[in-house]
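Throughout, protein chains are lettered first and strands after them, A, B, ... in sequence-line order, and every chain is numbered starting at 1. This is a predicted model, so every value here is computed, not measured.
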Amino acid sequence: AQTVTQSQPEMSVQEAETVTLSCTYDTSESDYYLFWYKQPPSRQMILVIRQEAYKQQNATENRFSVNFQKAAKSFSLKISDSQLGDAAMYFCAYRYQGGSEKLVFGKGTKLTVNP
Amino acid sequence: SAVISQKPSRDICQRGTSLTIQCQVDSQVTMMFWYRQQPGQSLTLIATANQGSEATYESGFVIDKFPISRPNLTFSTLTVSNMSPEDSSIYLCSARGGPGGYTFGSGTRLTVV
């Protein structure tokens with residue numbers, strides 16, 4: 001069964017600085033998607049960034065980028081120029097490309113941004 | 001991507017009663033998903049709901065406790081039956097909202113007293 005591990009329950013960063021959130025996963029599949037979701041106190045799950053496993057190029061979305069290491073099964077999220085609004089729970093998630101479309105989530109990392 | 005309206009946003013219920021949570025999607029989607037998020041925890045998938053077929057439940061979740069309806073491609077309900085305090089959680093629905101992406105409802109915070 002696929003598993004997703006986030007080893008950092010909590011992280012903090014100073015405003016305008018850079019922070020990296022870690023995620024590793026376990027799968028025997030070769031085709032899959034990886035996601036980072038943000039959940040602020042409002043509970044709304046917001047897609048931050050998505051990576052297709054077949055793409056070697058790391059995904060980027062403005063201040064958010066990933067370091068995808070397929071062989072190491074690692075998928076870290078880098079947030080540059082952190083803003084107060086980035087404070088939230090961040091969840092790493094995996095989805096196998098075939099079969100069931102369900103997402104498997106990690107336990108989450110709570111990010112605090114200090115002014 | 002799809003937008004999901006979920007209601008109620010919160011409720012306080014007596015033990016032994018049932019609560020039905022509704023999710024309305026603004027476009028047709030094949031699959032919808034129901035998650036439970038216990039306080040301070042991650043999301044755990046309860047079941048996957050396809051239109052026109054029985055929902056597929058994950059290990060540890062049963063239809064008698066969490067019956068799901070999926071009458072059409074834009075709507076689904078989850079009922080939490082015979083509630084106990086252990087059912088106090090946030091419940092979220094989700095749907096595929098584009099290539100590889102998912103959209104979530106805003107969640108229902110359930111407190112059972």
If you group Ile, Leu, Val, Met, Phe, Trp and Tyr by side-chain heavy-atom gaps below 4.5 Å, do [X] and [Y] land in one group?
X: V25(B); Y: I21(B); answer: no
X: F75(B); Y: M32(B); answer: no
X: I68(B); Y: L103(A); answer: no
X: L84(A); Y: V13(A); answer: yes
X: L21(A); Y: F64(A); answer: yes

Might you confirm whether atom [atom1] of [X] has over 12 heavy atoms from other residues, nucleotides or ligands at distances under 6.0 Å?
X: K78(A); atom1: NZ; result: no
X: I12(B); atom1: CD1; result: no
X: E29(A); atom1: CD; result: yes

Applying side chain to side chain contact (heavy atoms under 4.5 Å, CB included) to L43(B) and Y37(A), what does each step give before you reach the verdict? CA-CA 11 Å; L43(B) 284 73; Y37(A) 279 91; over 6 Å; no
Closest non-hydrogen contact found for Q44(A) with F104(B) is NE2-O, 2.9 Å
Between Q39(A) and chain B, with a heavy-atom cut-off of 4.5 Å, which part of the residue counts as in contact: side chain, backbone, both or neither? side chain
With sequence neighbours excluded, tell me which residues meet ring pair (Phe, Tyr, Trp, His ring centres under 6.0 Å) with F66(B).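 Once residues adjacent in sequence are excluded, the partners of F66(B) under the ring pair (Phe, Tyr, Trp, His ring centres under 6.0 Å) criterion are F61(B).
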Side chain, backbone, both or neither: which part of E58(B) has an atom under 4.5 Å from a heavy atom of chain A?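 Only the side chain of E58(B) comes within 4.5 Å of chain A.
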Given the rule in the side chain to side chain contact (heavy atoms under 4.5 Å, CB included) test, do R96(B) and R95(A) qualify, once you have shown the distances and angles that lead to the verdict? CA-CA 12 Å; R96(B) 278 284 302 276; R95(A) 191 211 117 185; 3.2 Å; yes
Tell me, which pairs form a side-chain hydrogen bond (donor to acceptor under 3.5 Å, both in side chains) where one or both residues lie in residues 8-23 of chain B, sequence neighbours left out? T20(B)-T79(B)
Inter-chain contacts: residues 82-93 of chain B against chain A, heavy atoms under 4.5 Å: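 Listed by number: I90(B), L92(B).
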Is there a side-chain contact between Q37(B) and M45(A) (heavy atoms, below 4.5 Å)?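 Q37(B) does not reach M45(A) side chain to side chain.
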Using only non-hydrogen atoms and a strict under-4.5 angstrom cutoff, which residues of residues 104-115 of chain A touch chain B? F105(A), G106(A), K107(A)
Pair F35(A) and Y102(B), ring centroids less than 6.0 Å apart: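 F35(A) vs Y102(B): aromatic centres under 6.0 Å.
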